[in-house]
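Reviewing the structure listed below.
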2 protein chains.
Amino acid sequence: MSLVINGVTKIYKEKNALDDIQLTFEKEKIYGLLGRNGAGKSTLLNIISNRAFPSRGSVNLDGEKVTDNEHALDNIYLMSEDNLFPSPLKVKDVFKLSEGFYGNFDWDLANHMIKAFDLDPKLKMRKLSTGYRSIAKLITALSVPCDYIFLDEPVLGLDANHRELFYQFLLETYEERPRTFVLSTHLIEEIANLLEEVIFIDHGKLIKQATVEDILGEGKTLTGPKDLVLAATENLHVLNIDLLGNQATAFVTGDLPAQLPGEIRLGPMNLQSYFVQLTKRNGEAK
Amino acid sequence: MSLVINGVTKIYKEKNALDDIQLTFEKEKIYGLLGRNGAGKSTLLNIISNRAFPSRGSVNLDGEKVTDNEHALDNIYLMSEDNLFPSPLKVKDVFKLSEGFYGNFDWDLANHMIKAFDLDPKLKMRKLSTGYRSIAKLITALSVPCDYIFLDEPVLGLDANHRELFYQFLLETYEERPRTFVLSTHLIEEIANLLEEVIFIDHGKLIKQATVEDILGEGKTLTGPKDLVLAATENLHVLNIDLLGNQATAFVTGDLPAQLPGEIRLGPMNLQSYFVQLTKRNGEAK
């Protein structure tokens, strides 16, 4: 079982919002879908969940095209910033509607989360703060029976305690009932521990897909006197170099030379730094 | 020169949204104002900037009450989630309006930031994404001549690269023209390096004010077998204990005993963990 994005292109106002995306989401894995603002993540998620249509290419679940395919779409859930529910609805009505639509709603989990987050299910969705609206949507997303759950900006407006609580619930429900989760967020460092694989999208293109382990293993920082750092990294794969006076920090991937000058300090690169360096734009510096 | 919050209480629907807040913001310092969702941060910021009135107490700038005091309010700027500008306005018109109101707008800095963030100043505010709307507001906040700048959720919707760029601009403008910045955000760990002092608010009360250095110096984690950790921390100041099977992690502050059992690992506590443990609510656990 897998969800395959098959050469998906989306042309919008004569621009390629998505450009020939080829990608497979395997079953029972947790993915990070990472990209800058405007990179095309939400467009891709909308196409996967049949809220938008590709200009070319297709999305297939177990070989079946998902477009307008109710049977396939029953297995795909997208939590997104857009509010699809009529705003006078109460939180508990949203849960009931979701049960009606997808069946088999996990009320045990939902009630457990309602209590832990101190959410009042009798409140109307539109009365909730940004943070609590996210919480109500997260509870829905974790309680529906779908095998592919996509979470677009899941922790928007959540305070640090609530974010931590959500990450715990996600891991617990994943252990109890493994399914595929795809998290798209700008808070990269916080979710690095949760992810098995990371997909980077930039300017509508898939630019990298790798395990978190591989990325953390291959990324290094070299900091030291500018001349020495520039010389030492000349033949390496350099993502970027930050200059500060006579000092430089180079962000590199791949193998390093066996010997480095003693003045150069070698450091690890975390997932967020890796992302920032990989997707930095020309002229985007101070 | 200083901004003094003098016993400010705000009663809202018969509840104390703020309860006798006593606090001084000194000149030319960078503060973090940290609290859970609903803790009272935005209410306090609205009172400081004359958008709301205290039920009791006052806010004084250099001894002058700020309430409806144009001269004092000229020196206080609040960037907040609420959009105070009429939505058909273009970004550049917002800058011009701010210049008209506060005078001495720093066009050099604004133009530098417009370029670095790749913001189109001819766009209407309401056409911008959440992230770019935050960027337009941040540029305004850093370019006005006020000595007290309050930033409520400054990086909402910004991707990791743009957040990093903003932190760099903040430090640079602070060095060039020192003034007081107060940052209120849920992304605590990212701003820990920027702050000199941190103010924690919970349930409308000031619960702690300290330098970041002191907090990082006093917070420790003790991890090991549950029985040993419970015994070792019995007479310590424990913020919280996380239990996981037979293992426990205790979050403690203050002095530790000279000797700890070898099975207990001692670790540092970062600012975000400190905050999470300090403000954890009863029953807020899985």
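Labels below follow one simple rule: chain letters A, B, ... track the order of the sequence lines, proteins then strands, and each chain is numbered from 1.
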From CA spacing to verdict: ring pair (Phe, Tyr, Trp, His ring centres under 6.0 Å), A:Tyr31, A:Phe181
CA-CA 6 Å; A:Tyr31 293 86; A:Phe181 286 101; over 10 Å; no
Take A:His237 and A:Phe251 through the ring pair (Phe, Tyr, Trp, His ring centres under 6.0 Å) test and state the conclusion after the steps.
CA-CA 9 Å; A:His237 186 229; A:Phe251 298 84; over 10 Å; no
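Using a 30° and 60° split on the angle between ring planes, A:Phe200 and A:Tyr274 fall in the tilted class, from 30° to 60°.
Listed options B:Gly131, B:Ser273, B:Ala160 were ranked by heavy-atom pairs under 4.5 angstrom with chain A; first place goes to B:Ala160. For chain B, the option among A:Ile188, A:Leu34, A:Val276 with the highest count of heavy-atom pairs below 4.5 Å is A:Val276. Among A:Leu158, A:Thr130, A:Asp118, A:Val155, the residue making the largest number of heavy-atom pairs under 4.5 Å with chain B is A:Leu158. Most heavy-atom pairs under 4.5 Å with chain B, from the set A:His186, A:Gln272, A:Glu189: that is A:His186.
Contact annotation for A:Glu190: only side-chain heavy atoms (C-beta onward) come within less than 4.5 Å of a heavy atom of chain B.
One finds a salt bridge joining A:Glu218 and A:Lys208 here, because a Lys/Arg side-chain nitrogen approaches an Asp/Glu carboxylate oxygen to under 4.0 Å.
Atom OG1 of A:Thr185 sits about 9.0 Å away from atom NZ of A:Lys41, to the nearest 0.5 Å.
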